[in-house]
Amino acid sequence: MLDIQALRNDIDGVAARLAARGFTLDKARFQELEAERKVIQTRTQELQAKRNASAKQIGMAKAKGLDTTDIMAEVAQVGDELKQLEVKLPLVLQEMDAFLSVIPNMPHSSVPVGLSEAANAEMRRVGDVPTFDFDVKDHVSLGEGIGGLDFDTAIKLSGARFSLLKGGLARLHRALAQFMVDTHADQHGYTETYVPYLVNAASMRGTGQLPKFEEDLFRVPRQMGEGGVQNFYLIPTAEVPVTNMVRDEIVPLESLPMKFVAHTPCFRSEAGSAGRDTRGMIRQHQFDKVELVQMVHPDESYAALEGLLGHAEVILQKLNLPYRVMKLCSGDMGFSAALTYDIEVWLPAQNTYREISSCSNFEAFQARRMQARFRNANGKPELLHTLNGSALAVGRTLVAVLENYQQADGSIVIPEVLRPYMGGLEKLTKVVA
RNA sequence: GGAGAGGUGGCAGAGCUGGUUGAAUGUACCUGACUCGAAAUCAGGCAUACGGUAACCCCGUAUCGGGGGUUCGAAUCCCCCCCUCUCCGCCA
């Protein structure tokens with residue numbers, strides 16, 4: 001959520017910055033709502049003040065045993081108009097909230113302007129792209145070749161965009177996640193967390209998934225008493241539960257920065273991506289991800305973003321996977337982000353880099369929705385800044401390991417850092433089952 | 001699933017026969033006095049959001065789990081819901 005003050009004070013400036021990401025701010029609508037709100041709100045509060053004062057007088061008069069019919073008659077006149085306004089006011093405020101809720105964050109000044117990924121800026125490439133003296137296979141062929149990747153059964157169990165891992169591949173998947181969590185917890189100072197995978201609507205609103213992106217989520221209705229239904233949502237990323245830990249909190253200054261790492265499954269409906277990445281486990285309804293989340297002092301958030309990005313990169317470096325870092329352009333960034341770096345890993349079979357991590361600074365955009373604050377040096381509550389990044393998407397990392405570590409015979413060499421998690425195993429080969 | 005208790009300010013804890021209570025009191029915290037310093041003691045301060053405003057001053061509104069109702073007026077009365085705790089049953 002943007003600061004409504006920014007829209008009141010400099011709507012043209014805000015509109016210009018939003019235009020950079022292809023969002024057209026309806027200025028007239030805002031001004032109309034704002035004018036309406038102002039009239040109704042000030043009048044309502046004026047009448048409420050009058051009513052409160054009269055009620056107090058009545059109270060005092062009755063205590064003294066005086067007659068109150070005059071004052072009562074006076075208040076009665078306030079009643080009708082106030083009753084109407086008290087119905088209208090929340091409606092106008094809701095409309096304003098709905099209007100603000102679907103406005104994306106403003107890009108940071110360093111974000112390249114552009115409307116498609118073509119305008120993203122490559123920051124650096126790290127690691128050498130491997131060369132093969134045989135025809136490379138993609139992860140699907142490799143996984144099915146060694147007998148641990150079974151899409152047919154996954155389809156039977158659930159449908160398209162699910163996968164089933166077995167044996168060494170399943171263990172490699174688990175090894176990757178554990179290696180990532182351990183690295184961040186032991187070496188990068190993150191607190192490991194275990195969080196709910198089903199969250200309420202307020203949490204989804206806090207991090208920006210609702211109200212605009214409900215179609216991307218899996219909703220789980222839950223029958224409550226007397227016919228009511230309360231919705232749970234399956235988390236699309238650990239960002240949601242972890243970031244919302246500070247929702248409606250005022251944390252002490254000393255507790256910043258807060259750094260958390262969580263390994264969770266992520267669930268996405270992938271509405272609107274029909275036909276894209278249909279082969280393999282690149283784009284799934286369910287995938288695992290190790291997520292880094294930070295809550296920091298506003299002065300520190302951009303330094304923190306560089307740090308967080310570095311923590312994600314360390315994983316790729318330790319796995320010896322070649323990658324590049326992209327700074328997303330204004331039009332390619334997510335709804336809530338002010339600045340985003342994507343990390344793309346080299347996939348030999350696709351002969352290209354594919355996204356494996358996304359690291360963003362949301363500034364106060366999420367914090368404002370969540371009312372997540374800290375007590376600043378003056379003792380006043382102030383919105384904190386939130387950041388997060390994948391470090392990394394486990395499924396895609398598995399894909400990258402398979403493809404980059406493949407051998408001519410179809411076996412997979414296990415990266416050295418993972419061997420302790422694999423019982424010392426050095427290579428995945430075909431299992432006769 | 002059955003039975004009971006309860007949800008009030010950072011914490012503890014009054015109020016709940018409706019009225020000048022945004023809320024006693026204690027404690028924590030901040031400031032000042034006393035002290036060489038500390039403790040103790042004394043005095044004062046100490047919620048958040050929103051609006052009027054450019055404004056951390058000032059004024060107003062809202063907030064005592066959430067929503068609705070009764071009333072001139074509700075933390076206090078009524079209805080619905082949610083949550084927590086205790087005991088029993090069941091259970092990964």
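On a predicted model such as this, the values are computed, not experimentally measured, just so you know. A, B, ... follow the sequence lines: proteins, then strands. Residue 1 opens every chain.
Taking the C1' atoms as reference points, B:rG45 lies 16 Å from B:rG10, given to the whole Å. A gap of 30 Å separates the P atoms of B:rC79 and B:rA23, to the nearest Å. Using atom C1' as the reference point in both B:rG15 and B:rC58, the two lie 31 Å apart (nearest Å). Atom C1' of B:rG6 sits at a distance of 22 Å from the matching atom of B:rG68, rounded to the whole Å. Rounded to the nearest Å, the gap between the P atom of B:rG26 and that of B:rG13 is 16 Å. The same atom, P, is picked in B:rC91 and in B:rG9; the two are 39 Å apart, to the nearest Å. B:rG19 and B:rA75 have their C1' atoms separated by 13 Å, given to the nearest Å. For the P atom pair drawn from B:rA24 and B:rC11, the interatomic distance equals 16 Å after rounding to whole Å.
Residue-level contact check: A:Asn9 touches neither bases nor backbone, having no heavy atom under 4.0 Å from any strand.
OP1 and OP2 of B:rC82 both lie 4.0 Å or more from every side-chain N or O belonging to A:Asn200. Between A:Arg8 and B:rC50 there is no side-chain polar atom (N or O) within less than 4.0 angstrom of OP1 or OP2. An OP1 or OP2 oxygen of B:rA74 is reached within less than 4.0 angstrom by no side-chain nitrogen or oxygen of A:Arg51.
Donor-acceptor pairing under 3.5 Å is lacking for the side chains of A:Glu239 and A:Thr207. In this model, a donor atom of one side chain and an acceptor atom of the other lie less than 3.5 Å apart for A:Ser358 and A:Asp342.
For the segment residues 365-373 of chain A, residues with any heavy atom less than 4.0 angstrom from an atom of RNA chain B are, sorted by number, A:Gln371, A:Arg373. Listed in residue order, the members of residues 32-50 of chain A having a heavy atom less than 4.0 Å from RNA chain B are A:Arg37, A:Lys38, A:Gln41, A:Thr42, A:Gln45, A:Gln48, A:Ala49.
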### Task
Dump the intermediate steps for salt bridge (Lys or Arg N to Asp or Glu O under 4.0 Å) on A:Arg396 and A:Asp277, then the final yes or no.
CA-CA 12 Å; A:Arg396 289 189 180 181; A:Asp277 299 313; 5.1 Å; no

### Task
Verify side chain to side chain contact (heavy atoms under 4.5 Å, CB included) between A:Val240 and A:Val195, making sure each step is shown before the conclusion.
CA-CA 10 Å; A:Val240 178; A:Val195 296; over 6 Å; no

### Query
Which is it for A:Arg161 and A:Glu270 under the salt bridge (Lys or Arg N to Asp or Glu O under 4.0 Å) test, yes or no, and what are the steps along the way?
CA-CA 9 Å; A:Arg161 292 206 191 282; A:Glu270 293 298 340; 5.6 Å; no

Could you list the donor-acceptor pairs under 3.5 angstrom formed by side chains in residues 305-315 of chain A, with sequence neighbours left out?
unit_1   : atom_1 : unit_2   : atom_2 : d
A:Glu306 : OE2    : A:Tyr341 : OH     : 2.7
A:His311 : ND1    : A:Tyr190 : OH     : 2.7
A:His311 : ND1    : A:Gly307 : O      : 3.2
A:Glu313 : OE1    : A:Arg124 : NE     : 3.3
A:Glu313 : OE1    : A:Tyr323 : OH     : 2.5
A:Glu313 : OE2    : A:Arg124 : NH2    : 2.5

Output side-chain donor-acceptor pairs under 3.5 Å for residues 48-61 of chain A, partner residues at least two apart or in another chain, one line each.
unit_1  : atom_1 : unit_2  : atom_2 : d
A:Gln48 : NE2    : A:Glu86 : OE2    : 3.0
A:Asn52 : ND2    : A:Gln48 : O      : 3.4
A:Ser54 : OG     : A:Lys50 : O      : 3.1

Side-chain donor-acceptor pairs under 3.5 Å in residues 1-8 of chain A, sequence neighbours left out?
unit_1 : atom_1 : unit_2  : atom_2 : d
A:Asp3 : OD1    : A:Gln5  : N      : 3.0
A:Arg8 : NE     : A:Glu34 : OE2    : 2.7

Considering only distance and modelled atom types, tabulate donor-acceptor pairs under 3.5 Å from the side chains of residues 87-97 of chain A, sequence neighbours left out.
unit_1  : atom_1 : unit_2  : atom_2 : d
A:Glu95 : OE1    : A:Arg29 : NH2    : 2.7

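Rounding to whole angstrom units, CD of residue A:Glu249 and C1' of B:rA49 are separated by 16 Å. At whole-Å resolution of the value, CD in A:Glu86 and C1' in B:rU61 are 10 Å apart. If you take CG of A:Leu85 and P of B:rA62, they are 14 Å apart, rounded to a whole angstrom. One can place CG of A:Leu253 at 15 Å from P of B:rC30, the figure rounded to the nearest angstrom. Between the OH atom of A:Tyr197 and the P atom of B:rA92 there is a distance of 20 Å, given to the nearest Å. The CG atom of A:Leu7 sits 16 Å away from the C1' atom of B:rC50 (whole-angstrom rounding). Rounded to whole angstrom, the span from the NZ atom of A:Lys380 across to the P atom of B:rC56 amounts to 9 Å. B:rU48 atom P lies 13 Å from atom CD of A:Glu382, rounded to whole Å.
Atom NE2 of A:His285 and atom CZ of A:Phe218 lie 5.0 Å apart (nearest 0.5 Å). How far CG of A:Leu392 is from CG of A:Leu176: 9.0 Å, rounded to the nearest 0.5 Å. Going from atom CZ of A:Arg375 over to atom NZ of A:Lys380 covers 8.5 Å, rounded to the nearest 0.5 Å. The OG1 atom of A:Thr340 sits 12.5 Å away from the CE atom of A:Met326 when rounded to the nearest 0.5 Å.
Every residue meeting the side chain to side chain contact (heavy atoms under 4.5 Å, CB included) condition with A:Ala262, not counting sequence neighbours, appears here in chain and number order: A:Thr193, A:Ala238, A:Val242, A:Thr264. Annotation: salt bridge (Lys or Arg N to Asp or Glu O under 4.0 Å) contacts of A:Glu192 (sequence neighbours excluded): none.
Of the possible donor and acceptor atoms, one in the side chain of A:Thr42 sits under 3.5 Å from a partner among the backbone N and O of A:Val39.
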Pairs under 3.5 Å (N/O, protein and nucleotides 17-19 of chain B):
unit_1 : atom_1 : unit_2  : atom_2 : d
B:rG19 : O6     : A:Lys62 : NZ     : 3.4
B:rG19 : N2     : A:Ala55 : O      : 2.9

### Query
Under a cut-off of 3.5 Å for both distances of each Watson-Crick or G-U pair, what dot-bracket string does RNA chain B give, using [ ] for crossing pairs and | for inter-strand pairs?
((((((((.[[[..)...(.....]]].(((((.......))))).((((((.....)))))).[[[[[..)....]]]]])))))))....

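Nearest nucleotide to the A:Ile250 side chain, out of B:rU48, B:rC72, B:rU61: B:rU48.
Heavy-atom contacts from other residues, nucleotides or ligands closer than 6.0 Å to CD of A:Glu32 number more than 12.
Here side-chain hydrogen bond (donor to acceptor under 3.5 Å, both in side chains) pairs that include residues 162-179 of chain A, with residues two or more places apart or in two chains, are A:Ser163-A:Gln284.
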### Query
Which letters describe nucleotides 64-71 of chain B, given B = protein heavy atom under 4.0 Å from base, S = only from sugar-phosphate, - = neither?
--------

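Comparing A:Gln5 and A:Met72 by the nucleotide of RNA chain B that holds the closest heavy atom to each, the one mapping nearer the 5' end is A:Gln5.
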